Amino acid sequence: MRIVDLIERKRDGGTHSAAELQALIGGYVRGEVPDYQMAAWLMAVCWRGMTPEEATSLTQLMAASGEQLDLSSIGRPVADKHSTGGVGDKTSLVVMPLVAACGVPVGKMSGRGLGFTGGTIDKLECFPNIRLDLSAAEFVRQLGEVGIVITGQSADLAPADGKLYALRDVTGTVPSLPLIASSVMSKKLAAGAQVIVLDVKTGSGAFMREPEAARALAEAMVEIGTQAGRRTAAVVSDMSQPLGRAVGNALEVAEALATLDGHGPPEFTAFALELASLIVELASDGHGGRAAVEAALHSGAAKQAFRRMVEAQGGDSSAFDDPRRLPTAQIQQPLVAEQAGYLVRLDALEVARASIALGAGRERKGDPIDLAVGVVVQAKVGDRLAAGQPIAIVHANDSATLAAAERILRGAIGVASEPVPLPPLIRERIGVPAARPG
Ligand code: URA
């Protein structure tokens, strides 16, 4: 089989068998297929797409290119949750404890924040000494013993995706729906969970800005997961404004802990409860997830599960008793409404840019970040504002970054005399069992 024939076939809109994809991906991982041929094929995929069968084969080949976790020793279906990344997205820190407290083991390998999206791993670093580099054996052991684990993405899982992604990054071939779906799902399949719930964000603060593209990505990933024999479902959720109120690492951890105490922003709490119920229902083949998840929230069992995870990974859990132990910025400056009216725009991307200007995020891989800084919005789209009312509190560690963040935030905000209709936080549900709402 000549690789150039495969490139030409894809260029002309043709399809590949699983064996052909294996020759291509296997050859690339072994170093037999050069970068220039793989880059040409990737660009052809960007233009011509892939069939669901091709995308599933590609995913399975990438998943099989490295270590694949065997979670059979846990004895029950294990759940995993993935978000395509957003602004103020601390959902995993609430959903995973809720799920674990319902007796469903839940484990996740997660990334660091890059660009405008925050990373769960960075947020967890607010607990001093926590280990986020667990080995596969440690990951599986903690799943069995504690029932909840979050660690950094292991390079041993789906190494073919790591190599392909690095090439896509420098050849303009990241934005291909089947390539993104295969990339995400290869890591999920290799991590071994039986239940996979995906949160695909859409809006200005999301990777997929348009709802149609987000829906198509969600459908493609659900199809791949289902074809691979995993119970997979997805929601498409709004990211036109930040999720919840807090944006910034320690601020988001504080909001997650408040939510687990029952004092979270109502719409974020409802969102977390719905995702957790979906996971519990998929894992238990049935219904009644909602009642169990609500009980786990109100009894404090979910917060205990989160604390057990932090402690099992060597982290200092004193912030669970007193959130003031979390990293705190020196300056807390309100940004007030200049006129009365309705908040009609709170652009998620601009809020993220303000937060990055404060030092909460990184432009390049490996950049240091300031865990304490960020923005806590005091109003959401649709709220009525009086002149002088705080729209956000900016948490900064110096006056220069504070001024930069305030400038960016002013551009994030729109105030008008009439309210605008609000999009629902969950725009779509894909692969969700029929008995569920929607
Ligand atoms: N995230 C991934 O893991 N892969 C992609 O291709 C895009 C985003």
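All ligand and atom numbering here is 1-based and tracks the order in the structure. In this text the structure is predicted, and so the values were computed from the model without any measurement. We number each residue from 1, following the sequence as shown.
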J.: Between the protein and ligand 1, which nitrogen or oxygen pairs come in under 3.5 Å, and how far apart is each?
T.:
from, atom 1, to, atom 2, distance (Å)
ligand 1, 3 (O), Ser183, OG, 3.4
ligand 1, 3 (O), Lys187, NZ, 2.5
ligand 1, 4 (N), Ser183, OG, 2.6
ligand 1, 6 (O), Arg168, NH1, 2.9
ligand 1, 6 (O), Arg168, NH2, 2.9
ligand 1, 6 (O), Ser183, OG, 3.4

J.: Are Lys303 and Asp261 close enough for a salt bridge, meaning some N to O gap below 4.0 Å?
T.: yes
J.: Is the shortest heavy-atom distance from the side chain of Pro77 to the side chain of Arg231 under 4.5 Å?
T.: yes
J.: Got a salt bridge between Glu406 and Arg410, using NZ or NE/NH1/NH2 to carboxylate O under 4.0 Å?
T.: no
J.: Is it true that Arg362 and Asp122 have a side-chain N and a carboxylate O under 4.0 angstrom from each other?
T.: yes
J.: Taking only residues two or more places apart in sequence or in another chain, which ones pass side chain to side chain donor-acceptor pair (under 3.5 Å) with Gln142?
T.: Gln313
J.: To check you understand the geometry: which heavy-atom pair defines the closest contact between Asn249 and Gly119, and what is its length?
T.: OD1-O, 4.4 Å
